[in-house]
Enquirer: 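The structure is given below, and queries will be raised subsequently.
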Amino acid sequence: MSAEVGVKDGVALNAAGPRWWKNESAEGLWRNLGLVGVLLALFAIGAVIRPDLYGNIDWVTNNMMVILTQAAAIGVVTVGMTFVIIGGGIDLSVGALIALSGVWATTVATQSFGPAGMIFTAIAVGVGAGLVNGLLIAYGRLVPFIATLAMLVAARGLAAAISGKQTQVSNDQFINSLAKERVLGVPLLVIILLVVAGLGWVLLNRTTFGRRTIAIGGNAEAARLAGINVRGHTMLLYALSGLCCGIAAIMLTSLATSSQAAAAELYELDAIAAAIIGGTLLSGGRGTIVGSLFGVIVFSAITNLFAIANLPTEVQNMVKGAIIVVAVLIQQVRFSSVTQFARRHGLSRPKAGTPQQT
Amino acid sequence: MTKHIPDASRRRLLFGGTALAAGALLTACTSNEAEPNAAQTKGADTSNPNAAAGKAVTIGFSAPAADHGWIAAITNNAKAQAGAYSDVTFKQVEAGKDAAAQRAALETLIAEKPDVIVLLPHDGKELNAFGLKAMEAGIPVVNLDRAFPDALAYRLQIKGDNYGMGVAAGHYIGKALKAKGVAAPVIGEIAGMDELELTQERSAGFKAALATYGFSVTNRRAARFTADSGQKEGQNLLQALPKIDAIWNHDDDQGIGVLAAISAANRSEFFMVGGAGSKKAIEDIAADNTVLKATVTYSPSMASSAISLARLIGQGKGMSDLVELQVPKEIILASETITKENASTYLKLGF
């Protein structure tokens, strides 16, 4: 009987590929379905509260675009954050890097170089600061938490110094129009997010860079012994996160037609939270881009729903907190622990097989 | 291959970045600090006998490190106003990151025995004790904006009126909508940081003033005094209210984002009132090409006035228009409403 089960499992596994691969993809699918369920639930709540608005197809379509637009900048950052976390690190400096890139890109001097100059500056500053993070962590042996915390403080300080603490208005029509542009009814910022996420997905799942990231996050020492340049790779991960911050800085500047040292407040926490509820393990080695994307959209949809229901911000923050806790609890309960729990309490079939095997 | 590319690009970025930084810093300094210096001071008025050079006065000054335009304007104004008097020596001490750091910095200031101290505390309650100590040491304290609860802790308190700001905005909106004959108006409010007492006071004043017209706020969102948060909350507010009659936005800096959201959504069926009175907002009101039709002031020019009054206190003089021989103990600035009609006279007070 138990042998039969084992054979069955073996057949199924052989057909679908190696065991860990199959499990991971199925796991991601389930979690994403769960997040889609949350989105549908939020939509249903909205429809109950404001039937007048949700009955209007045009309004609903437009509202979805608004939710996605608000997820765009933070979504791009979360893609970078997902890589860093999968690689076993953390980047607390993303909000500050967005502010620094945005402020640097909107100084009068930079604006005189036109949109190309502004975009180049934002990305160069983001990547540059990300590389500093990476150098400190990979070669300076600083704990990622400390190194990026220091960068958070320093980058905000530098941004304040550059801007003279003023809100810097962007007078560049091209940059400002990015936020208003729509391609086939889809806002350009949303398309940028999808492109970045798509590239991130390919990079994570279809290249050696992605495989190495997962390997390093899973076990850095084993990865090193396997011949991976762990330090160089870690540095690149933080540069990648910085790159995402640079892109997000331009998106945010375009949305707000300005930038300032206090911009993108607490984006680091939003990005980490989105990655976590999307199924990225904070200890590294596992995570998906699609999951992170859903995480960002769920947060954005909550903010939107609370505005529509005219509920105060403090309630919204409490709900956000609760969702993070519930998502992580479900994550922990579902996999290893469910099967172990079931075995321990004699609820599943493998229990019958276990004594025979040992 | 993977080794060479990052090296090369890193070097390029560092060099390019340094060059850009130098340029950016230069322009940032010239463009952002030069303007308020000339504008928000008073001193060239020769008809005022108090303006004539008198007894030399040393004024100690401390305000929190600026994280946004308003605080930056406070420090700039104080410095510029002090510079306008030949008999004033201006001693600024860094306020540091929080109340504790500011207290430590102020201790050194007391030791230097200035004639008067002008102080914008991180938190009025936390620095109340310092005010008491300085007053006991015989140094008059001018308490700027964030109030000491204890009347013994200051010689002069000069502050803005947050509740009055809400009232001014409420009256402007109420009157305009009554004039239009709107019966049940949809009114949106985009507040600043909700955990601050000043935000609560502003909202309370707004609510009270609207109530006198029989109106109320339909939807209230709280942003974070930043343009990007203003954009986000503005966009959501527009989604929640498909038709709006009026919006009050507490802060002109976050208003830049709110206006961006409004223009991106192509909405113009309503009018908006701002808050604080930034230069950009006053210019927009004067140009009259956005939904922003008015703003209610909370002007950092109070720092200039505080220095002028601190000087008079140090010289033992009174305000020349008043009968009293000494400067009064408390001054609360009225929140003024800037519209298209008077925008040109207020432009010099914009920050």
Side-chain angles (χ1 to χ4, degrees), chain A residues 50 52-53 56 59 62-63 66 69-70 73 102-104 107-110 112 120-121 124-125 127-128 131 158 160-169 176 179-180 229 232-233 235-236 239 252-265 303-304 306-310 312-314, chain B residues 2-3 6 9-10 12-14 16-17 20-21 23-33 65-69 71-73 194-195 218-222 224-233 235-240 242 252-254 256-257 259-261 263-266 278 280 351:
Chain A
R50 293 291 297 270
D52 55 323
L53 294 179
N56 180 342
W59 183 89
N62 189 46
N63 197 43
V66 166
T69 309
Q70 296 193 347
V103 161
W104 211 321
T107 56
V108 182
T110 317
S112 68
F120 172 81
T121 307
V125 170
V127 173
L131 275 173
L158 181 56
I162 291 174
S163 66
K165 301 106 185 179
Q166 304 281 354
T167 302
Q168 296 185 151
V169 176
N176 293 352
K180 296 181 192 171
N229 178 0
H233 193 92
M235 190 179 75
L236 287 183
L252 214 56
T253 302
S254 166
L255 276 170
T257 67
S258 63
S259 194
Q260 65 197 117
E265 191 187 38
T303 310
N304 179 265
F306 272 76
I308 285 160
N310 191 17
T313 337
E314 51 266 33
Chain B
T2 39
K3 268 187 184 169
S9 61
R10 193 188 329 146
R12 220 182 307 142
L13 286 168
L14 285 175
L20 279 168
L25 277 169
L26 278 175
T27 38
C29 293
T30 47
S31 67
N32 294 329
E33 280 174 23
D67 49 5
H68 60 279
I71 292 267
D194 231 1
E195 64 271 28
T218 316
N219 196 325
R220 180 183 185 278
R221 301 282 90 215
R224 311 285 309 165
F225 284 146
T226 57
D228 64 318
S229 66
Q231 190 276 337
K232 188 170 149 196
E233 298 302 338
Q235 198 175 25
N236 280 328
L237 183 77
L238 295 174
Q239 274 306 108
D252 286 332
D253 261 11
Q254 76 185 21
I256 295 170
L259 284 174
S263 111
N266 265 326
S278 75
K280 170 101 172 43
F351 62 94

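A quick note: this is a predicted structure, and the numbers were derived from the prediction, not measured. Residue numbers start from 1 in every chain, and the chains themselves are labelled A, B, ... in the order their sequence lines are given, proteins ahead of strands.
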Enquirer: Hey, which of A:Asp52, A:Asn56, A:Val103, A:Leu252 has the most heavy atom pairs under 4.5 Å with chain B?
Expert: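 Ranked by heavy-atom pairs under 4.5 Å with chain B, first place is A:Leu252.
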Enquirer: Is it the backbone or the side chain of A:Thr69 that comes under 4.5 Å from a heavy atom of chain B, or both, or neither?
Expert: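 Interface part for A:Thr69: side chain.
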Enquirer: Calculate, to the nearest 0.5 Å, the distance between atoms CG and CD belonging to A:Leu255 and B:Gln235 respectively.
Expert: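 If we round to the nearest 0.5 Å, A:Leu255:CG and B:Gln235:CD are 7.0 Å apart.
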Enquirer: How long is the gap from CD on A:Glu265 to CG on B:Asp228, to the nearest 0.5 Å?
Expert: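 That separation rounds to 8.5 Å.
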Enquirer: If you count heavy-atom pairs within less than 4.5 Å of chain A, which of B:Gly230, B:Ala261, B:Ser229, B:Ala227 leads?
Expert: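 So the answer, after comparing B:Gly230, B:Ala261, B:Ser229, B:Ala227, is B:Ala227.
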Enquirer: Contact part of A:Asn62 toward chain B, heavy-atom cut-off under 4.5 Å: side chain, backbone, both or neither?
Expert: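 When you check distances to chain B, atoms from both the backbone and side chain of A:Asn62 fall under 4.5 Å.
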Enquirer: Does any heavy atom of chain A fall under 4.5 Å from the side chain of B:Ser278, the backbone, both, or neither of them?
Expert: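 B:Ser278 has no heavy atom closer than 4.5 Å to chain A.
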Enquirer: Taking B:Ala240, B:Ala265, B:Gly257 one by one, which has the highest count of heavy-atom pairs under 4.5 Å against chain A?
Expert: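 Between B:Ala240, B:Ala265, B:Gly257, the count favours B:Ala240.
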Enquirer: Measure distances from B:Asp194 to the heavy atoms of chain A and classify the residue's part below 4.5 Å as side chain, backbone, both or neither.
Expert: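 Interface part for B:Asp194: side chain.
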Enquirer: Can you confirm whether B:Asn236 sits close enough to A:Gln70 that some side-chain heavy atom of one is under 4.5 Å from a side-chain heavy atom of the other?
Expert: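 The answer is yes; the side chains approach within 4.5 Å.
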Enquirer: Might you point out which heavy atoms bring B:Ala260 and A:Thr257 nearest each other, and give the distance in Å?
Expert: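 Closest pair (atom of B:Ala260, atom of A:Thr257, distance): CB-CG2, 3.6 Å.
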Enquirer: Which atoms form the tightest heavy-atom contact between A:Gln260 and B:Thr226, and what is the distance?
Expert: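 Heavy atoms only, the tightest pair is OE1-CA, 3.2 Å.
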Enquirer: Where does A:Val169 contact chain B at under 4.5 Å (heavy atoms): side chain, backbone, both or neither?
Expert: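 A:Val169 touches chain B through side-chain heavy atoms alone.
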Enquirer: Mind listing the closest non-hydrogen atom pair of A:Asn310 and B:Thr218 along with its distance?
Expert: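 So the minimum-distance heavy-atom pair works out to ND2-O, 2.8 Å.
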Enquirer: Please name the pair of heavy atoms, one in A:Arg50 and one in B:Pro242, separated by the smallest distance, quoted to 0.1 Å.
Expert: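 A:Arg50 and B:Pro242 have their closest heavy atoms at NH2-CD, 4.3 Å.
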Enquirer: Can you see which heavy atom on B:Ala222 is nearest to which on A:Thr313, and at what distance?
Expert: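 Shortest heavy-atom separation between B:Ala222 and A:Thr313 comes out as CB-OG1, 3.5 Å.
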Enquirer: Closest approach of B:Arg221 and A:Pro312, non-hydrogen atoms and distance?
Expert: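 In this case the closest contact between B:Arg221 and A:Pro312 is NH2-N, 4.3 Å.
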Enquirer: Under 4.5 Å from any heavy atom of chain B, what part of A:Leu53 do you find: side chain, backbone, both or neither?
Expert: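 Side chain only.
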